Peer 1: 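Next up is a structure, given as C-alpha cells.
Quick caveat, the model's predicted, so the values are computed rather than measured.
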Protein chains: 2
Amino acid sequence: MKRPTIADIARRAGVSKGAVSYALNGQPGVSKATRANILAISKELGWQPNSAARALNGARAHTIGLALFRPARTLGMEPFFMELISGIEAELADRSYALMLQVVTDHTQEIEVYRRWWGEGRVDGAFLVDLHLDDARVEAMRALNMPVVVIGHPSQAGPLSTVWSDDGLAIRETVEYLVALGHRSIARVAGLPRLVHTTLRDQAFVQACQDAGPGRVEHLIAHTDYTGEEGARMTRRLLSSPRRPTAIVYDNDIMAVAGLSVAQEMVLDVPADLSIVAWDDSPLSQVVRPPLTALTRDIPAYGACAARQLLALIAGEPVVLSVEDRPATLIPRGSTGPARGSR
Amino acid sequence: MKRPTIADIARRAGVSKGAVSYALNGQPGVSKATRANILAISKELGWQPNSAARALNGARAHTIGLALFRPARTLGMEPFFMELISGIEAELADRSYALMLQVVTDHTQEIEVYRRWWGEGRVDGAFLVDLHLDDARVEAMRALNMPVVVIGHPSQAGPLSTVWSDDGLAIRETVEYLVALGHRSIARVAGLPRLVHTTLRDQAFVQACQDAGPGRVEHLIAHTDYTGEEGARMTRRLLSSPRRPTAIVYDNDIMAVAGLSVAQEMVLDVPADLSIVAWDDSPLSQVVRPPLTALTRDIPAYGACAARQLLALIAGEPVVLSVEDRPATLIPRGSTGPARGSR
DNA sequence: CTCATGAACTAAACCGAGTAAGTTACTGAT
DNA sequence: ATCAGTAACTTACTCGGTTTAGTTCATGAG
C-alpha cells in the first residue's frame with residue numbers, strides 16, 4: 001500500500017532505476033519501445049515523483065513565498081492585499097506555481113520564516129512588501145542571496161529588484177484637481193509614518209500643495225494605522241479644528257469610508273462642505289452615498305507584474321532592476337465638488 | 001558560498017555526521033561539551049536543516065494545502081474566502097505551519113493539484129470547500145488517504161471529516177423575523193444551485209416559509225453566481241415582477257449591496273418598500289445607507305476551527321468526524337422594517 | 001576482418017539528513 | 001585482574017530520485 005517509486009517501476013520493467021529516470025524525464029538514453037513501456041507501467045502503478053527526493057538534487061520547489069506582517073484576523077478586511085494576492089496567484093497559476101503564505105507577527109519573524117523556507121529549499125523566491133526606512137529585511141534577503149522582488153518604491157530596496165508605481169504623480173494629480181475645484185485647505189489622512197510609501201506620498205503631497213502657489217494652499221497630514229477606527233478619529237479631529245479643511249485625501253478606502261460616516265454624523269454635506277478622495281478603489285468606495293472619488297489602480301495587475309518579475313528572476317532571465325507599473329489615476333465621483341465659497 | 005550541511009559541521013567539529021545529527025536533534029549519544037560545541041558551530045555557519053532531506057525520511061511538511069476553484073481575479077472581492085484564509089492562517093501561524101495556496105480553474109485540476117502535493121510530500125493535509133452534489137473530490141481524497149477537512153455540511157462529505165455551521169437555523173431565524181415584521185412575500189437571491197450549502201439553504205428557506213402557516217407566506221428563489229452583477233439583475237427582475245416581494249434575502253453581501261443600489265435606482269425606499277437581508281456581514285454591509293441587516297458569523301473563527309480540526313487529524317489525534325461551529329446570527333440594522341400595509 | 005562510433009542501457013555515487021548497529025574507552029563491581 | 005555495563009561516539013545504510021561513468025552490443029567505415 002506504499003507509494004510506488006522508480007525502483008518499483010524499474011523492477012516491473014526489468015530495467016535499471018537510471019533507465020526509468022531517463023524515460024520519465026524525456027531524456028535520451030532509452031529506446032522508444034522501452035520508454036513507452038516504462039511510461040505505461042508508471043501510469044499503471046500511479047507513480048508520482050517525490051519532490052523531496054527531487055529537491056535533494058537541487059530541483060525547483062515551484063513555490064513562491066509571501067510572509068505577511070499583519071494581524072491575521074484583519075487580513076480579510078484589507079482589499080489591497082487580497083487583490084494583490086489574487087493577482088499574484090493569477091500569474092502563478094498559469095505556470096503551476098503555488099504560493100506559500102504565512103502570517104507573521106513582526107519583521108524579525110518574517111526574516112526567520114524566509115530564511116527557513118529558503119534554507120529548506122521550500123521556495124524559489126519571495127516578495128517583500130511594506131518596506132520601511134532602514135528595513136532590516138533588505139540586508140537579510142541580500143545575504144540569503146534568494147530571488148526577491150520588492151513590491152514598492154526602489155528608494156529603500158538597496159540592490160533588490162522592485163516593482164512599483166509612481167504614487168507621487170497620483171497625489172499631484174489629486175491635489176491639482178482639488179485646487180482647481182477651489183480648495184485652499186487640504187488634509188491628508190495618511191498610513192503608517194514609517195513606511196516608505198507613506199513618506200513618499202507625504203512629500204509629494206506637500207510639494208504639490210506648495211507648487212500651487214506660495215501660501216495659497218494650506219496643508220496638513222495626520223498619520224494613522226490604516227484602520228477604519230483611526231481614520232474616523234482623525235477625521236473627527238480634523239473636522240472639529242478651528243481651521244477645518246474643505247477636502248481630505250485618505251490613504252486607503254477603509255479610512256475614507258469611515259471618514260465619510262464621520263462627516264455625515266457631524267451633519268456636514270459631502271461634497272458641499274467637505275470633499276473626500278480615497279486611495280485605492282474597492283467596491284466599498286462605489287457603494288457608499290455619495291460614491292467616493294478614488295485613486296484607482298489595477299492592483300491584481302500590479303501583483304501579476306511583480307509575480308512575472310520574480311519568476312523571471314528565478315529563471316535567471318535578464319531582468320531590469322526596477323519595473324514601474326502604471327500609476328494610480330483619479331476617478332472623480334460624487335464625493336468631491338467645488339469648495340464652498342470659492343468663486 | 002553554498003549552504004552548510006551537517007557534514008560541514010561534522011568536519012569542523014571533528015566528529016561524524018551521526019554525532020552532529022544527534023546533537024542538533026537533542027537526542028542522547030553525545031556529551032554535553034560536544035553538543036555545545038556542535039551547536040555553536042552550526043550557529044556560526046548559519047546551518048539550516050534541508051527539509052527535502054528530512055522529508056525523505058518521512059518527516060512532516062509543516063504545510064497545509066488549499067486549492068481554490070475560483071477565477072483568481074475575483075478572489076480579492078470575496079470577503080468570505082479572505083476571512084476564512086485569515087482565520088486559518090491565524091491558527092497555523094501559532095504552530096509555524098504554512099498555507100500552500102493555488103488557484104485552479106476546475107475541480108479536475110483541483111484534484112490533480114492535491115494529488116501532486118500529497119504525492120510529492122509537500123503538504124500534510126488539505127481543505128475542501130464548496131462541495132457540490134456527487135462531488136468527485138470526496139472519492140479522490142478518500143482514495144489518496146490524505147488528511148482532509150471539508151468546510152461545509154457533512155451530507156455530501158462521505159467519510160471525510162467536516163466543520164460546518166447550521167445554515168438552516170439562520171435562515172429560519174431570518175424568515176421568522178421577516179414574517180413577524182408583516183412580510184408575506186419573501187424572495188431569496190441564492191448562490192450557485194449545485195453547491196450543497198445552497199441546496200440546504202433553499203430547503204430551509206422553503207420549509208421556514210411554509211411553517212409560517214399554510215399559504216401565508218409567498219416565497220421565491222432565484223439562483224445566481226454570487227457576483228454583484230447577477231445579484232443586481234435578479235433584483236431588477238424581482239422588483240419588476242407584478243407580485244413584487246417586500247423582502248429579499250441575499251446569499252452574500254456583495255449581492256445584497258448591489259440589490260440595494262437597484263432598489264434605490266428604482267426609487268424604492270429601503271426599508272419602507274423593500275426589506276433587505278445580507279448573508280455574511282462584511283464592512284460593506286455597514287457602510288451603505290441604510291446599513292444592511294445581516295446574518296453575521298465569525299468567519300475567521302470558522303476557518304480557525306477547521307484548521308484546528310485538520311491539524312488534529314494530521315497529528316493522528318482522535319477527532320470527532322464532524323464539528324459544528326456556531327450558526328450565523330441575525331443582526332437587524334436599517335435595511336429591514338415592517339412591511340408596508342401590514343398591521 | 002577489425003576497429004571506431006554511438007545507441008541503449010547498468011552500476012554506483014550522490015544529494016542531506018535520520019538512525020540502527022557496531023565500536024571504543026572508561027567505570028565500577030567482583 | 002577480569003568482566004559487564006554504559007556513555008560516547010562511528011559506520012553504514014536508508015529515503016527516492018538524478019547523474020556520472022562505465023559496459024554491452026549492433027552498425028558502418030576502412
Peer 1: Quick one: are B:L68 and B:F81 in side-chain contact, heavy atoms under 4.5 Å?
Peer 2: yes

Peer 1: What heavy-atom pair brings B:A23 and B:V30 nearest, and what distance separates the two atoms?
Peer 2: CA-CG2, 4.0 Å

Peer 1: Would you mind reading off the distance between A:D8 atom CG and D:dC15 atom P, rounded to a whole angstrom?
Peer 2: 11 Å

Peer 1: Could you tell me whether A:D134 atom CG has more than 12 heavy atoms of other residues or ligands within 6.0 Å of it?
Peer 2: no

Peer 1: Over 60° means perpendicular and under 30° means parallel, so classify the ring planes of A:Y97 and A:H62, tilted if in between.
Peer 2: tilted

Peer 1: If only side-chain N and O atoms of A:Q27 are considered, is one of them under 4.0 Å from the OP1 or OP2 phosphate oxygen of D:dT19?
Peer 2: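 Yes, within the criterion.
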
Peer 1: Tell me: CD1 of B:I38 to C1' of D:dT10, nearest whole Å?
Peer 2: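 About 12 Å, once rounded to whole Å.
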
Peer 1: For nucleotides 5-13 of chain C, which of its nitrogen or oxygen atoms have a protein nitrogen or oxygen under 3.5 Å away, and what is each distance?
Peer 2:
residue : atom : partner : partner atom : Å
C:dC9   : OP1  : A:T34   : OG1          : 3.3
C:dC9   : OP2  : A:S31   : N            : 2.6
C:dC9   : OP2  : A:S31   : OG           : 2.7
C:dC9   : OP2  : A:T34   : OG1          : 2.8
C:dT10  : OP1  : A:S16   : N            : 3.4
C:dT10  : OP2  : A:S16   : N            : 2.7
C:dT10  : OP2  : A:S16   : OG           : 2.8

Peer 1: Taking the side chain of A:S21 as its heavy atoms from C-beta onward, which of D:dT19, C:dG18, C:dA17 lies nearest to it?
Peer 2: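 Output: D:dT19.
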
Peer 1: Would you say D:dT18 has OP1 or OP2 under 4.0 Å from some side-chain N or O of A:R54?
Peer 2: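 The answer is yes; a side-chain N or O of A:R54 sits under 4.0 Å from OP1 or OP2.
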
Peer 1: Distance check needed: C:dG16 C1' versus B:L24 CG, whole Å only.
Peer 2: 12 Å

Peer 1: Look at atom CG of A:D106 and say whether more than 12 heavy atoms of other residues, nucleotides or ligands are closer to it than 6.0 Å.
Peer 2: yes

Peer 1: Take the protein atom CG of A:L56 and the nucleotide atom P of D:dT19, then report the distance between them rounded to whole Å.
Peer 2: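 Value for this atom pair: 12 Å.
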
Peer 1: In whole angstrom, give the distance that lies between atom CD of A:Q48 and atom C1' of D:dG16.
Peer 2: 14 Å

Peer 1: Check this one for me: any side-chain N or O of A:W47 less than 4.0 Å away from OP1 or OP2 of D:dG16?
Peer 2: no

Peer 1: Consider the side chain of B:N25, meaning its heavy atoms from C-beta on, and name the nucleotide among C:dA17, D:dC15, C:dG18 that approaches it most closely.
Peer 2: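 Among the listed nucleotides, the one closest to the side chain of B:N25 is C:dG18.
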
Peer 1: Please tell me which of the listed nucleotides, D:dT18, D:dG16, C:dG16, lies nearest to the side chain of A:N50?
Peer 2: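 So the nucleotide nearest the side chain must be D:dG16.
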
Peer 1: Specify the separation, in whole Å, of atom CD1 of A:I6 and atom C1' of D:dT18.
Peer 2: 8 Å

Peer 1: Distance alone, cut at 3.5 Å: any donor-acceptor contact between the side chains of B:E324 and B:S165?
Peer 2: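 The answer is no; no qualifying pair exists.
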
Peer 1: Could you check whether the rings of B:H132 and B:H107 sit parallel, tilted or perpendicular, using 30° and 60° as the cut-offs?
Peer 2: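 Because their plane-to-plane angle lies in the 30° to 60° range, the rings of B:H132 and B:H107 count as tilted.
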
